[in-house]
Amino acid sequence: MKGIKTEKTKLRRKVFAEVARFAYEGGGPEVLDELPYKMVDGDDDPFRQSIFLERAIAGERIRVAMGMSLLPINEHAPTSKGVDESMIAERYYEPPLIDIIRFACHSCPENRVFITDGCQGCLEHPCREVCPKKCIDFDSRRNRAVIDQSQCIKCGQCMKACQYNAIIRQERPCMKSCALGAIVEDEYGHAMIDHDKCASCGMCLNSCPFAAIVDKGQIYQTIKAIQSDTPVYAIVAPSIAGQFGKDLTDTRMKSAFRKLGFKSVYEVAVGADLCTIQEAGHFMKEVPEELSFMGTSCCPAWSIMTTKHFPELSKNLSMALTPMALTARLVKKNHPECKIAFIGPCLAKKREAGRTTVKSYVDFVLTFEELAGMFDAKGVVFAECEEGDPPRRASSDGIGFAMSGGVASAVANHIKKVDPEREVKIERAEGLDECYKLMKKAAAGEYDGYLLEGMACPGGCIAGAGTIQPLNKTVHSLNKAKEKAPVANAVDNKYADLLPKLENIQEELAGQENS
C-alpha cells in the first residue's frame, strides 16, 4: 500500500534506519546483536503474541538488509554472524537477492472458496443448486451453508449466485502476484521462492501483508564506502520524482545527498538519453533485416523473464546498455577512482548490477525505501537543505523512461528525427503477466517488425517494489519533471557525442547473460 504508513512499511523503514544508523555510528558485533531487542522492546505488544519470535524475525530482517543471507531455519546464531563476509565485494550480489523468512510466513491458503458468517441461511440455497460438484450442504445447527473443501474445484459459481456476497475466494497474495509461478509451498504450508523461475521483480514482496518476504540490501556497504577515502557518487533514477514529498526539490537534491556523505548526484535520465540513441540505432539497423522484432533492454526483470521462459527470443532483446550502466560509465569516465551507488525503484537492478559487464561500474544498488532509511538515520530535514543547481541535464524523453510506454516512445521519437520516413510500430506491456502474453504473441509472429517494450511493474518503474509513493502521485510528479527538462529529445542532449566512448558493445557484451 504505497503512500500509506502501515505497520509493514513502518517496520521496513525502521529496519533500514537501524542498519544505516549502525553503519554510520559504528560498533562491534554486540551492538548489532542488540538491535532486535531495541526494535522489539519488552513493553511492546508483539504482533505474533511471542516477543521471542518477533525478535528472531527482526534479526533476520536486519541480516538481509545488511546484505547477509537468511540463516538456515534450524540454525540458531547471533544476528552478527557473517557480517565480515558481507563486506566482500564479490558477495554483494550473492543470490538469493529476494527470499522468505520461513517462520514469518503466515501459511496463507493457496486458493480456497469458503462461506463466511455473512451467510443468511436462506431458503433458496442458490449456492448449493449451482455447484457442479454438489459439495455445498446446509448446516441446520449453525443455520448456514458449508463447503466440502475436499470436493470444491474453486469454480466460483456459488460466489456469483449468493445475493449476500457471503461467499469469497482467498488466494495467497504472494503467489497471486507472481506471474511466473515462482512462489511454491513447502511441506509445512510456508511459501518458498523457486529461484530458477524468479525474475526478482519484487511484486511478491509488495504483496505479502506479513512482511515475510525480504530483499538483500547494501545500505551497510554503501555507508562504509562513504566513510572511506574513496568518493562515492549517487546516480538517481528519474522515478525519484515526488518519492520524498514536496520538500525534496531538485534544487535541494545535492545538499540532501551530501548530508548522507555522497560526493554528488547525477541523474540516470542522462543515461536514458544515451540508451535511446543506442536502441534506436540497433532497431534501424537490425529490424527486420536481422531480427523479426526488437525488445527494449531497460527493465532487467523483463529481460530475465524473456531469457528464462523464451530463450529462443532472448536474441531479440536490444543489446543496448541500460540507463544505469551508461550513467555509471559516464561518471567513472570523469571520476575513475570513485564508487557509484545506483538509487532507484527496482529490486531487479540488484540482479543487473551483478552482471560481469555492469558490476565493474555500479558498486552498490539501493532502493528509495532504503535511501529513506538513511535519511532517517541521519535526521535529514529536506526543508533545511541548501538550495543549489538541480542535477537536471536530461531530456523530457529520458525522464519519461520511468513510466510505462516511455522507453518505446523515446526510441520512436529519436528514429522519427533521424529517419522521418520510417514507421515504427510499437506494442508495450506492463506487469510480468502481460509481458509474458506479449512474448507469446511475439513468438507466434504477431509482432514482426515491431519495437516491444516490457515493464515488470504495472505502471512502469514509478511503481517499482522499492518505491514509496502511490502511482498517481508519482505520475503527476514525473510529468512536472518532464516539463522542466532543458530539451525534449535524446538527440539534443549535450552528452550524446560521448556515447561512442562509453559503449564498446560488440566486445564487451558478447555472450552476456540476461541474469
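Quick note: residue numbers are just sequence positions, from 1.
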#### Entry: Donor-acceptor pair, side chain of Ser292 and main chain of Asp448, under 3.5 angstrom
no
### Backbone of Ile399 reached by a side-chain donor or acceptor of Lys482 within 3.5 Å
no
### Query
Tell me, do Ile462 and Val475 make a side-chain contact under 4.5 Å, heavy atoms counted?
yes
### Query
Which pairs, with at least one residue in residues 145-162 and sequence neighbours excluded, count as a salt bridge (Lys or Arg N to Asp or Glu O under 4.0 Å)?
none
### Message
Taking the side chain as everything from C-beta on, heavy atoms only, tell me whether Met305 gets closer than 4.5 Å to Met439.
### Response
yes
### Message
Between Trp302 and Thr296 (side chain of the first, backbone of the second, donor and acceptor by atom type, cut-off under 3.5 Å), is there such a pair?
### Response
yes
### Query
Does the side chain of Glu60 come within less than 4.5 Å of Val214's, by heavy atoms?
no
### Query
Ignoring hydrogens and geometry, is there a side-chain-to-backbone donor-acceptor pair from Thr474 to Pro470 under 3.5 Å?
yes
### Message
With heavy-atom distances below 4.5 Å as the criterion, would you say the side chains of Leu432 and Leu180 are in contact?
### Response
yes
### Gap separating the OG1 atom of Thr467 from the NZ atom of Lys473, nearest 0.5 angstrom
13.0 Å
### Task
Take Glu369 and Arg12, measure what salt bridge (Lys or Arg N to Asp or Glu O under 4.0 Å) needs, and give me the verdict at the end.
CA-CA 8 Å; Glu369 269 197 307; Arg12 285 179 60 80; 2.9 Å; yes
### Query
Tell me, do Lys38 and Glu18 make a side-chain contact under 4.5 Å, heavy atoms counted?
yes
### Task
Ignoring hydrogens and angles, tell me if any N or O in the side chain of Ser303 forms a donor-acceptor pair with the backbone of Cys299 under 3.5 Å.
yes
### Message
Around atom NZ of Lys441, are there more than 12 heavy atoms from other residues, nucleotides or ligands closer than 6.0 Å?
### Response
no
### Message
Check whether Ser409 reaches the backbone of Gly406 with its side chain - one donor and one acceptor, N or O, closer than 3.5 Å.
### Response
no
### Task
Assess whether atom CD of Glu312 is packed by more than 12 heavy atoms of other residues, nucleotides or ligands within 6.0 Å.
yes
### Query
So, do Phe22 and Tyr220 have ring centers that fall under 6.0 Å from each other?
yes
### Query
SG/Cys198 to CD1/Ile98 distance, rounded to the nearest 0.5 angstrom?
5.0 Å
### Query
Does anything in residues 114-135 pair up under ring pair (Phe, Tyr, Trp, His ring centres under 6.0 Å), and if so which pairs, sequence neighbours excluded?
His125-Phe138
### Task
Over all heavy atoms of both residues, which pair between Ser404 and Glu430 is shortest? Give the atoms and the distance, please.
OG-OE2, 3.0 Å
### Message
Once rounded to the nearest 0.5 Å, what's the spacing between atom CD1 of Ile115 and atom OH of Tyr164?
### Response
14.0 Å
### Summary
Of all heavy-atom pairs linking Phe293 and Val287, the shortest is C-CG2, 4.0 Å
### Query
Would Arg144 and Asp117 pass as an ion pair if we require N to O under 4.0 Å?
yes
### Task
First locate atom CD1 of Ile153, then atom SG of Cys135, and finally report the distance between them rounded to the nearest 0.5 Å.
8.0 Å
### Message
Donor-acceptor pair, distance only, cut-off 3.5 Å: does the side chain of Lys425 make one with the backbone of Gly449?
### Response
no
### Task
Tell me, yes or no, whether the heavy-atom count around Glu289 atom CD, taken from other residues, nucleotides or ligands under 6.0 Å, exceeds 12.
yes
### Message
With side-chain contact (heavy atoms from CB on, under 4.5 Å) as the criterion, how do Phe103 and His190 come out once you've worked through the C-alpha distance, each side chain's angles and the decisive distance to 0.1 Å?
### Response
CA-CA 8 Å; Phe103 48 91; His190 298 130; over 6 Å; no
### Task
Measure across Met324 and Ile235 and return the closest heavy-atom pair with its distance rounded to 0.1 Å.
O-CD1, 3.8 Å
### Message
Testing the basics here: between Cys457 and Gly464, what is the closest heavy-atom pair and its distance to 0.1 Å?
### Response
SG-CA, 3.6 Å
### Task
Please lay out, stage by stage, how Asn111 and Met175 fare under the test side-chain contact (heavy atoms from CB on, under 4.5 Å).
CA-CA 9 Å; Asn111 181 13; Met175 197 173 282; over 6 Å; no
### Query
Hey, is the main chain of Arg63 close enough, under 3.5 Å, to the side chain of Lys81 for a donor-acceptor pair?
no
### Message
If you count heavy atoms of other groups shown closer than 6.0 angstrom to NZ of Lys5, is the number above 12?
### Response
no
### Task
Calculate, to the nearest 0.5 Å, the distance between atoms CG and CG belonging to Leu452 and Leu438 respectively.
5.0 Å
### Message
Run Val236 and Val268 through side-chain contact (heavy atoms from CB on, under 4.5 Å) and show every step you take.
### Response
CA-CA 5 Å; Val236 183; Val268 172; 5.5 Å; no
### Nearest atoms (heavy-atom pairs only) where Gln243 meets Ile468
OE1-N, 2.6 Å
### Query
Just wondering, do Met284 and Ile415 contact through their side chains at under 4.5 Å, heavy atoms?
yes
### Message
Measuring from atom CD1 of Ile167 to atom SG of Cys162, what distance do you get when rounded to the nearest 0.5 angstrom?
### Response
4.5 Å
## Note on the structure
Between His282 and Met294 the two heavy atoms that sit nearest each other are CB-SD, 3.9 Å
### Query
Would you call Pro300 and Lys350 a side-chain contact if the rule is heavy atoms closer than 4.5 Å?
no
### Under 3.5 Å: donor-acceptor pair, side chain of Lys349, backbone of Phe342
no
### Task
Would you mind listing every salt bridge (Lys or Arg N to Asp or Glu O under 4.0 Å) that reaches into residues 182-194, with sequence neighbours excluded?
Arg102-Asp186, Arg172-Glu185
### Message
Are Ile213 and Asp99 packed together at the side-chain level, in the sense that at least one heavy-atom pair is separated by less than 4.5 angstrom?
### Response
no
### Query
More than 12 heavy atoms of other residues, nucleotides or ligands under 6.0 Å from NE2 of His195: is that the case?
yes
### Task
Check step by step if side-chain contact (heavy atoms from CB on, under 4.5 Å) holds for Ile183 and Met192.
CA-CA 6 Å; Ile183 306 290; Met192 295 175 58; over 6 Å; no
### Message
For the backbone of Ala211 and the side chain of Arg61, can you confirm whether one donor and one acceptor N or O come within less than 3.5 Å of each other?
### Response
yes
